[in-house]
Amino acid sequence: MAKLTIDGEEIEVENGLSVLQACEIAGKEIPRFCYHERLSVAGNCRMCLVEMEKSPKPIASCAMPVGEGMVIRTNTELVRKARQGVMEFLLINHPLDCPICDQGGECDLQDQAMAYGYDRSRFHENKRAVKDKDLGPLVGTNMTRCIHCTRCIRFTTEVAGVEELGATGRSEHMEVGTYIEKALTSELSGNIIDLCPVGALTSKPYAFNARSWELVRTESVDVMDAVGSNIRIDSRGGEVMRVLPTLNEDINEEWISDKTRFACDGLKRQRLDQPYVRRDGKLQPASWDDAFAAIAGRIKSSSGDRIAAIAGDLADCEAMQSLADLIKALGSPHIDCRQDGARLDASTRAGYVFNTSIAGIENADACLLVGTNPRHEAPIINARLRKRSIRGGFPVGVVGEQVDLTYKTELIGAGPQSLEDILEGRHGFSATLQVAERPMIIVGQGALARSDGAAVLGLCRAIAERFGMVSGDWNGFNILHRAAARVGGLDLGLVPGDGGRDVAGILDGASSGDIDLVYLLGADEIDTDRLGKAFVVYQGHHGDAGAHRADVILPGAAYTEKDATYVNTEGRAQHGRRAIFPPGDAREDWTILRALSDVLGCTLGYDNITQLRARMEEASPAFAAIGEIPHTAWGDFGTSGTMDPTPFGLPVENFYMTDPISRVSETMAKCSQMAADTRSGKTGTDG
């Protein structure tokens with residue numbers, strides 16, 4: 001610990017901190033442009049100058065480590081004049097376009113110019129102009145505004161792991177760009193918009209749409225993947241204008257993926273805003289009473305064992321609990337939330353969650369990836385893996401397809417045989433796992449969503465136990481989900497009961513005529529052609545595959561339009577909050593099921609969301625600790641048996657289009673085309 005004096009106050013801080021960090025601990029505000037606590041120190045902007053005793057000139061506090069006995073002054077006349085001079089230099093070439101700049105109202109340069117700047121300039125030369133760069137369909141540029149803080153360069157290189165941005169030239173001729181014109185290929189590229197302290201990098205889809213003071217801000221949870229990133233939904237009227245990250249050190253730090261940030265334009269396209277009933281082979285608009293009557297008539301002419309339900313990837317826990325209770329009341333054991341057919345055992349929670357936790361990745365010292373591409377399935381988790389990797393001492397082995405994960409990996413093999421080699425010690429990576437103190441394994445849906453998935457799961461459990469991945473307070477066994485609804489569905493028991501059918505069995509039963517009615521709660525990733533002549537009820541918010549096949553459509557609410565609970569891949573329950581109201585006659589999903597239960601004569605036992613959440617707590621203790629990860633006991637899961645030697649596949653073919661919202665997003669369509677062009681060798685962008 002080092003003792004130093006800041007503005008006459010003596011404080012003690014840890015060795016290795018910078019003077020800027022020490023000043024913040026002491027409660028002193030230090031302006032900065034280039035410094036960011038999650039990036040390396042650049043020392044470019046010089047805005048953080050402070051006075052240090054015995055130093056002949058002001059020092060850059062971001063780049064100066066603390067030392068014993070230092071005396072720092074942050075509010076002297078010398079410091080004030082130094083900051084005014086720096087601001088004067090920064091504004092020499094900065095354009096006077098604040099009224100039309102998208103950063104207006106949220107601009108660090110505006111704020112600090114007011115707080116620390118001078119009221120006039122001594123420079124009268126013409127301002128420079130810099131040609132804008134085309135970075136793809138997501139990030140807009142106005143490079144004349146750039147102040148060369150290099151935050152964007154450091155983020156793409158250090159955090160995203162894609163070395164595509166850099167600087168050419170010197171002094172005022174320096175320009176930030178991609179050297180050769182090309183689109184950014186990182187799944188985290190939108191974060192440089194938040195990092196830019198001026199208006200040089202802005203959101204291209206959001207450009208000129210709204211001002212920050214017009215927006216209503218609602219903190220919520222992302223559902224585009226299973227990470228559960230904390231987000232802020234900015235809305236105006238009945239429209240979501242943009243999605244931004246909020247700070248959560250345990251989950252997403254302050255980053256979000258591009259799909260989370262930019263797919264929100266899909267919320268206003270192809271929406272289901274009123275009930276429909278199929279008449280004479282065509283879906284016709286109907287009232288809620290007519291839709292419920294059509295469902296009730298079909299159910300009453302059938303029996304419970306001929307009714308089935310499938311919950312989709314974006315379903316909230318309140319809706320899934322209501323669906324499970326309704327299907328049980330109808331006497332059906334046929335229900336499943338594993339839309340992709342993953343062979344996961346719901347009886348042992350440790351067998352289907354990310355036990356290490358996302359933040360816990362930073363404590364691991366070896367990793368084995370099985371049938372997964374975290375860069376596409378969970379970019380935020382991949383960024384954590386990279387963060388741990390660049391610290392060193394973190395070998396990563398891959399069983400499955402070889403992909404660029406932005407950090408060094410070792411390809412071990414392609415399928416189950418490689419896992420058996422590791423378990424039996426026939427591969428060199430076995431020795432790596434053996435000597436590691438905190439090894440971890442991450443099993444993806446590419447290894448589990450196959451006919452032998454249960455055996456693969458059992459083999460991975462054996463590896464975890466064989467190499468000490470589960471010991472004491474450390475649990476290195478992890479399942480990486482890609483659906484926001486999956487863990488919550490498993491917690492609530494949305495799996496087949498005694499004699500019940502899973503998703504494949506339900507589809508087989510519908511094809512053969514053994515299943516009369518299938519209730520799809522936002523389930524769009526199934527093969528709807530296999531539903532045969534079954535009566536299909538689709539409840540959801542977009543006109544995707546399930547709605548096209550439905551006989552009755554019940555319009556639900558999207559994640560931005562309801563108060564709902566989601567459980568992320570590490571088993572952490574979180575509450576999402578309503579930012580806007582659903583369009584037209586659409587309603588929150590659990591209220592639809594509650595109203596339908598009245599019509600069917602099996603009224604569910606809750607009348608409000610508080611009572612429903614109490615019911616969820618009865619089903620699983622995970623819902624009693626919102627925002628926390630409950631302790632999960634290790635247990636027995638998976639099976640043994642012969643496995644298919646076929647290599648593990650990757651469950652995500654197109655990162656930008658994985659769900660009903662992103663599939664109708666115009667922005668995601670442009671990104672998908674950009675990615676296709678990049679794979680085909682085209683280096684240009686589509687704007």
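Throughout, numbering of the chain's residues begins at 1 and tracks the sequence.
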**Salt-bridge present (Arg343, Asp452; N to O < 4.0 Å)** = no
**Message:** Show, in sequence, the C-alpha distance, side-chain angles and deciding distance for Arg663 and Asp524, and conclude whether the salt bridge (Lys or Arg N to Asp or Glu O under 4.0 Å) test is met.
**Reply:** CA-CA 11 Å; Arg663 279 195 287 268; Asp524 296 289; 5.2 Å; no
**Prompt:** Does CD in Glu219 sit with more than 12 non-hydrogen atoms of other residues, nucleotides or ligands closer than 6.0 Å?
**Reply:** no
**Prompt:** Is any side-chain heavy atom of Asp659 less than 4.5 Å from a side-chain heavy atom of Met224?
**Reply:** yes
**Request:** Taking Ser665 for its side chain and Met668 for its backbone only, find out whether a donor-acceptor pair lies under 3.5 Å.
**Result:** yes
**Asked** Side chains of Asp222 and Tyr566: donor-acceptor distance under 3.5 Å anywhere?
**Response** no
**Message:** Please determine whether a side-chain nitrogen of the Lys or Arg among Asp273 and Arg271 lies less than 4.0 Å from a carboxylate oxygen of the Asp or Glu.
**Reply:** no
**Prompt:** Is Arg549 paired with Asp551 through a side-chain N to carboxylate O contact shorter than 4.0 Å?
**Reply:** yes
**Item:** Nearest atoms (heavy-atom pairs only) where Ala573 meets Thr565
**Value:** CB-CG2, 4.3 Å
**Message:** Any side-chain to backbone donor/acceptor pair from Asp516 onto Arg306? Under 3.5 Å, distance only.
**Reply:** no
**Asked** Measuring from Ser301:OG to Leu517:CG, what's the distance to the nearest 0.5 Å?
**Response** 8.5 Å
**Prompt:** Any idea how Tyr352 and His481 line up, ring-wise: parallel (<30°), tilted (30 to 60°), or perpendicular (>60°)?
**Reply:** perpendicular
**Item:** Atom of Gly556, atom of His541 and distance for their closest heavy-atom approach
**Value:** O-CB, 3.7 Å
**Closest approach of Leu330 to Cys602 (non-hydrogen atoms, all atoms of both residues)** = CD2-SG, 4.0 Å
**Item:** Member of Asp404, Asp258, Asp225 meeting the salt bridge (charged side-chain N to carboxylate O under 4.0 Å, His left out) criterion with Arg375
**Value:** Asp404
**Within 45° cone and under 6.0 Å: Arg242 NZ/CZ vs Tyr206 ring** = yes
**Asked** Stepwise, does the side-chain contact (heavy atoms from CB on, under 4.5 Å) test hold for Ser322 with Asp589?
**Response** CA-CA 9 Å; Ser322 303; Asp589 292 288; over 6 Å; no
**Prompt:** Okay, side chain of Asn355, backbone of Phe477: is any donor-acceptor separation there less than 3.5 Å?
**Reply:** yes
**Prompt:** Is a donor on one side and an acceptor on the other found under 3.5 Å between the side chain of Asp265 and the backbone of Thr667?
**Reply:** yes
**Item:** Presence of salt bridge, Glu318 and Lys562, under 4.0 angstrom
**Value:** no
**Request:** Taking the side chain as every heavy atom from C-beta outward, state whether Phe655 and Pro379 have any atom pair closer than 4.5 Å.
**Result:** yes
**Donor + acceptor pair across side chains of Glu401, Asn373 (<3.5 Å)** = no
**Request:** State, yes or no, whether a side-chain contact exists between Leu138 and Lys670 at a heavy-atom distance under 4.5 Å.
**Result:** no
**Complete:** Distance col, row Ile553:CD1 vs Arg278:CZ, nearest 0.5 angstrom, shows 7.5 Å
**Message:** When you compare the side chain of Arg594 with that of Asp607, does any pair of heavy atoms fall below 4.5 Å?
**Reply:** yes
**Prompt:** Is the backbone of Asn230 close enough, under 3.5 Å, to the side chain of Asn252 for a donor and an acceptor to pair up by distance?
**Reply:** yes
**Fill in**
Heavy-atom closest pair (Asp340 atom, Ala449 atom, distance to 0.1 Å) is O-CB, 3.5 Å
**Asked** Of all heavy-atom pairs between Met320 and Gly488, which one has the smallest distance, and what is that distance?
**Response** CE-C, 4.0 Å
**Complete:** The reported gap from CD in Glu187 to CD1 in Ile256 (rounded to nearest 0.5 angstrom) is 14.0 Å
**Prompt:** If only atom types and distance count, is the side chain of Arg338 paired as donor or acceptor with the main-chain N or O of Leu344 below 3.5 Å?
**Reply:** yes
**Prompt:** For Val664 and Leu267, what are the C-alpha separation, side-chain angles and deciding distance, and is it a side-chain contact (heavy atoms from CB on, under 4.5 Å)?
**Reply:** CA-CA 8 Å; Val664 297; Leu267 290 167; over 6 Å; no
**Message:** Between Ser597 and Leu604 (side chain of the first, backbone of the second, donor and acceptor by atom type, cut-off under 3.5 Å), is there such a pair?
**Reply:** yes
**Message:** Does any part of the side chain of Glu588, heavy atoms only, come nearer than 4.5 Å to the side chain of Asp316, both counted from C-beta?
**Reply:** no
**Message:** Using 0.5 Å steps for rounding, measure from the CD1 atom of Ile506 to the OG atom of Ser332.
**Reply:** 7.5 Å
**Asked** Going through the distances and angles, do Val399 and Leu369 end up as a side-chain contact (heavy atoms from CB on, under 4.5 Å)?
**Response** CA-CA 6 Å; Val399 178; Leu369 300 176; over 6 Å; no
**Asked** Which of these, Val221, Val227, Ile251, sits in a side chain to side chain contact (heavy atoms under 4.5 Å, CB included) with Asn568?
**Response** Ile251
**Prompt:** Should Gln321 and Trp590 count as side-chain neighbours, where that means a heavy-atom distance under 4.5 Å?
**Reply:** no
**Message:** Could you tell me if the side chain of Thr528 sits less than 4.5 Å from the side chain of Tyr538, heavy atoms only?
**Reply:** no
**Interatomic spacing from SG in Cys460 to CG in Leu419 - rounded to 0.5 Å** = 5.0 Å
**Prompt:** side chain to side chain contact (heavy atoms under 4.5 Å, CB included) with Thr372: which of Leu480, Leu448, Asn478?
**Reply:** Leu480
**Prompt:** Can a donor-acceptor pair be found between the side chains of Asp289 and Ser287 at a distance below 3.5 Å?
**Reply:** no
**Request:** Tell me, with the steps shown, if Asp563 and His575 meet side-chain contact (heavy atoms from CB on, under 4.5 Å).
**Result:** CA-CA 7 Å; Asp563 292 317; His575 284 162; over 6 Å; no
**Request:** Using the side chain to side chain donor-acceptor pair (under 3.5 Å) rule, collect all pairs that involve residues 498-509, keeping only residues at least two apart or in two chains.
**Result:** Asp508-Arg530
**Message:** Which label fits Trp634 and Phe637: parallel for a plane angle under 30°, tilted from 30 to 60°, or perpendicular past 60°?
**Reply:** perpendicular
**Message:** Minimum heavy-atom separation for Val487 and Arg349, please, with both atom names.
**Reply:** CG1-NH2, 4.3 Å
**Message:** A side-chain contact here means heavy atoms from C-beta on lying under 4.5 Å apart; do Leu554 and Leu272 qualify?
**Reply:** no
**Asp544 side chain to Gly546 backbone, donor-acceptor under 3.5 Å** = no
**Request:** Hey, could you give me the CD1/OG distance between Ile231 and Ser229, rounded to the nearest 0.5 Å?
**Result:** 8.0 Å
**Message:** Tell me if a side-chain donor or acceptor on Arg587 pairs with a main-chain N or O of Asp585 at a distance below 3.5 Å.
**Reply:** yes
**Asked** Does His334 use its side chain to pair, donor to acceptor, with the backbone of Gly304 at less than 3.5 Å?
**Response** no
